[in-house]
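For the numbers below, each heavy atom of this structure counts, side chains included, while hydrogens, waters and symmetry mates do not. Everything numeric here is computed off the predicted structure, so don't read it as measured data.
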Amino acid sequence: MLVGLVALAVAIVVAWIVWPNPTTAPRERQYRDVTACLLTDNRGLASRDARAAWTGMQRASVESLVQVQYLAADGVQDKSNVAAYFNTLAAQGCEMVIAVGVAPVDALIAGKDRFPSIRYVAVGGAPNAGVTIVEVGSPDEIVEGVAAAVRTLAAST
């Protein structure tokens, strides 16, 4: 029994000595101090266009290290109700607000002049000064259009 304990102790010591010692710290993303925010209707990311926009934002985030987040507007889906959600994103420091859905786009258009330093992107909607329009097409087109907008934000900061 003593021989068995000694052999076990030797095996533990040998394993401890030869165990790989990590020479590099674990990798983690160091995000920029820049945030792009998505405003959706009450369906959140369940709608096709919002899901595509979010995918584009995430892809651009991985490439450019821009932080991304989204907020779904709850309640009545009209410009006046959704404006409160838009104001929340603007007030919390989003450098870019991307709106998807009729009421979110309407709220963005109505409120954008109160926050002139923010960049605005609307998925769908009519051309409007100061707002980049991503045409509603296939999901891949929305992904690419939104990703390009976020990459532009990253390149300018």
Side-chain angles (χ1 to χ4, degrees), residues 15 19-157:
W19 193 265
N21 192 5
T23 57
T24 58
R27 291 181 52 186
E28 60 184 49
R29 287 195 182 123
Q30 297 295 321
Y31 285 100
R32 297 166 162 232
D33 191 22
V34 178
T35 305
C37 301
L38 177 63
L39 178 61
T40 72
D41 61 19
N42 60 349
R43 293 178 293 164
L45 300 179
S47 78
R48 179 195 81 131
D49 295 348
R51 191 170 43 255
W54 182 243
T55 299
M57 291 174 73
Q58 289 180 311
R59 285 186 188 170
S61 175
V62 168
E63 297 166 10
S64 64
L65 300 178
V66 168
Q67 298 176 66
V68 294
Q69 64 183 50
Y70 76 92
L71 179 63
D74 197 20
V76 178
Q77 296 299 296
D78 63 16
K79 178 173 48 177
S80 62
N81 179 58
V82 178
Y85 293 89
F86 168 79
N87 290 336
T88 297
L89 293 177
Q92 74 181 28
C94 297
E95 282 80 14
M96 175 180 279
V97 175
I98 301 166
V100 179
V102 174
V105 169
D106 288 348
L108 181 146
I109 300 298
K112 70 180 178 65
D113 292 336
R114 288 192 308 272
F115 306 97
S117 64
I118 297 175
R119 295 173 188 221
Y120 297 104
V121 177
V123 177
N128 193 291
V131 179
T132 300
I133 302 294
V134 173
E135 295 298 326
V136 175
S138 72
D140 288 339
E141 291 169 328
I142 295 170
V143 167
E144 287 309 313
V146 170
V150 175
R151 285 194 288 277
T152 300
L153 172 65
S156 67
T157 57

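Partner of T35 under the side chain to side chain contact (heavy atoms under 4.5 Å, CB included) criterion, chosen from M96, Q92, Q67: Q67.
Rounded to the nearest 0.5 angstrom, E144 CD and R151 CZ are separated by 6.0 Å. The structure places OG1 of T55 at 10.0 Å from CD1 of I142, a figure rounded to the nearest 0.5 Å. Distance check: L39 CG to Y85 OH gives 10.0 Å after rounding to the nearest 0.5 Å. Considering CD of E63 and CG of L65, their distance stands at 10.0 Å, rounded to 0.5 Å.
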- Task: Start with the C-alpha gap between V136 and R48, add the side-chain angles, then the distance that decides, and say whether side chain to side chain contact (heavy atoms under 4.5 Å, CB included) holds.
- Result: CA-CA 10 Å; V136 175; R48 179 195 81 131; 3.7 Å; yes

- side chain to side chain contact (heavy atoms under 4.5 Å, CB included) evaluation trace for L45 with L38: CA-CA 10 Å; L45 300 179; L38 177 63; 3.9 Å; yes

- Step by step, would you call D78 with S80 a side chain to side chain donor-acceptor pair (under 3.5 Å)? CA-CA 6 Å; D78 63 16; S80 62; 3.2 Å; yes

- Apply side chain to side chain donor-acceptor pair (under 3.5 Å) to the pair T152 and R119, showing each step before the final yes or no. CA-CA 10 Å; T152 300; R119 295 173 188 221; over 6 Å; no

- Item | Derivation and outcome, side chain to side chain contact (heavy atoms under 4.5 Å, CB included), residues W54 and V68 | CA-CA 9 Å; W54 182 243; V68 294; 3.8 Å; yes

- Begin from the C-alpha positions of K79 and I109 and carry the test side chain to side chain contact (heavy atoms under 4.5 Å, CB included) through to its verdict. CA-CA 9 Å; K79 178 173 48 177; I109 300 298; over 6 Å; no

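Heavy atoms only, all atoms of each residue included: V76 and V82 are closest at O-CG2, 4.2 Å. Of all heavy-atom pairs between V146 and A53, the closest is CG1-O, 3.4 Å. Nearest approach of I133 to E135, heavy atoms of both residues: CG2-OE2, 3.7 Å. Closest of all the heavy-atom pairs between C94 and Q69 is SG-NE2, 4.1 Å. Of all non-hydrogen atoms in V105 and G124, the two that sit nearest each other are CG1-O, 4.2 Å. Shown here for A72 and G44, the closest heavy-atom pair between the two residues is CB-CA, 3.8 Å.
Atom CZ of R59 has 12 or fewer neighbouring heavy atoms from other residues, nucleotides or ligands inside a 6.0 Å radius. Annotation: F115, atom CZ; neighbour count of heavy atoms from other residues, nucleotides and ligands within 6.0 Å is above 12.
The backbone N or O of N42 sits less than 3.5 Å from a side-chain atom of Q77, completing a donor-acceptor pair. Remark: the backbone N or O of G101 is not paired with any side-chain donor or acceptor of D106 at under 3.5 angstrom. Under a 3.5 Å cut-off, the side chain of K112 and the backbone N or O of A129 do form a donor-acceptor pair.
Ring geometry for F86 versus Y120: interplanar angle of 30 to 60°, hence tilted.
Contact check for V121 versus V150: no side-chain heavy atoms found under the 4.5 Å cut-off. The side-chain heavy atoms of V102 and D41, taken from C-beta on, include no pair separated by under 4.5 Å.
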